[in-house]
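Numbers here are sequence positions counted from 1. Being a predicted model, the structure only gives us computed values, none of them experimental.
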Amino acid sequence: MDNAFSYSQYHIKAMQGGDSLYNRMATANLFKEAQDAELEYKARKVTDKISENMNVIANEPSLAFFRIQEHVRKSLPQLVETKHEVQDIQQKVQGASFDTEYATNAVKNLQKSSIHFQNIQDLMKNAMFMKQQIDYQHDRSEPLVTPVNEPVEPVDREPLVAPGPLSVNAGAS
C-alpha cells in the first residue's frame with residue numbers, strides 16, 4: 001500500500017501544484033490543441049482572404065482589358081456603320097451646299113445683268129423704230145398708181161425722228 005499511498009499523494013500533490021512540470025505538460029496540451037485549432041482557423045481565414053485579394057489584384061487589369069475588348073468587339077460594327085452613314089450624309093449635305101451656292105451666285109449674276117437686259121430692250125426699241133422708218137421711206141419711194149393721163153404730184157412728208165439716242169451704248173450710262 002505504500003505504493004498506493006505514494007501514488008495518491010503524488011496526484012494530490014500534483015493537483016495542488018506541487019509538480020510544476022506535470023502541470024505544465026497537462027495544461028499545455030489542452031490549451032495547445034484549442035489554441036492550435038483556433039489559430040489554424042484564423043490563419044487559414046487570413047491566408048484565404050490574402051490569396052483572394054491577390055487573385056483579384058493580379059487579374060483586375062486583365063479582366064478590365066477583357067471587358068474593354070468585349071465592348072469594342074460588340075460596338076465596333078455599329079460604330080463603323082454609323083461612320084459610313086455620317087460620311088454619306090456629309091457628302092449629300094456638301095453637294096446640296098454647293099448647289100445652293102451655285103444657284104445663289106446665278107441669281108446674283110442675273111440681278112447684275114438687269115442693266116444688260118435694259119440695254120437690249122432699248123436697242124430693240126431703236127431697231128423697231130428704225131425698221132418703221134425704213135418701211136416708211138420704202139413706201140414713199142414707190143410710185144403711186146395713177147391714171148395714165150394724170151400727172152403725179154409728189155407728196156411732201158416729213159421723216160420720222162427716233163424718240164431716243166440711236167447709239168449702241170445708249171443705255172450704258
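- Side-chain contact check for E85 versus E81: some heavy-atom pair is nearer than 4.5 Å.
- A donor-acceptor contact shorter than 3.5 Å links the side chain of N109 to the backbone of N105.
- Taking CG of L76 as the start and NZ of K83 as the end, the distance is 10.0 Å to the nearest 0.5 Å.
- Within the 4.5 Å cutoff, the side chain of E52 has no heavy atoms near those of the D48 side chain.
- Note: K108 NZ to K112 NZ = 8.0 Å, rounded to the nearest 0.5 Å.
- Panel note: side chain T82, backbone Q78; a donor-acceptor pair is recorded below 3.5 Å.
- The environment of R44 atom CZ is sparse: at most 12 non-hydrogen atoms of other residues, nucleotides or ligands sit within 6.0 angstrom.
- Distance check: D99 CG to T104 OG1 gives 10.5 Å after rounding to the nearest 0.5 Å.
- A salt bridge links K131 and D135; the closest N-O separation between the charged side-chain nitrogens and carboxylate oxygens is under 4.0 Å.
- The CD1 atom of I57 sits 10.5 Å away from the CD1 atom of I50 when rounded to the nearest 0.5 Å.
- Using a 4.5 Å heavy-atom threshold, the side chains of Q132 and F129 count as touching.
- Cluster annotation: V46 is connected to M54 through the hydrophobic network of ILVMFWY side chains, with a link wherever side-chain heavy atoms come within less than 4.5 Å.
- Clustering ILVMFWY residues whenever any of their side-chain heavy atoms sit less than 4.5 angstrom apart, transitively, puts M124 in the very cluster that holds F117.
- A distance-only check finds a donor-acceptor pair linking the side chain of S113 to the backbone of L110 [under 3.5 Å].
- At least one donor-acceptor pair under 3.5 Å links the side chain of T100 to the backbone N or O of A96.
- Atom-to-atom distance recorded for M130:CE and I134:CD1 is 6.0 Å, nearest 0.5 angstrom.
- When side chains are defined from C-beta on, E70 counts as touching F66, because their heavy atoms get closer than 4.5 Å.
- Under the 4.5 Å side-chain criterion, counting only non-hydrogen atoms from C-beta, Q137 is not in contact with S141.
- Residue L123 holds its CG atom at 12.5 Å from NE2 of H116, rounded to the nearest 0.5 Å.
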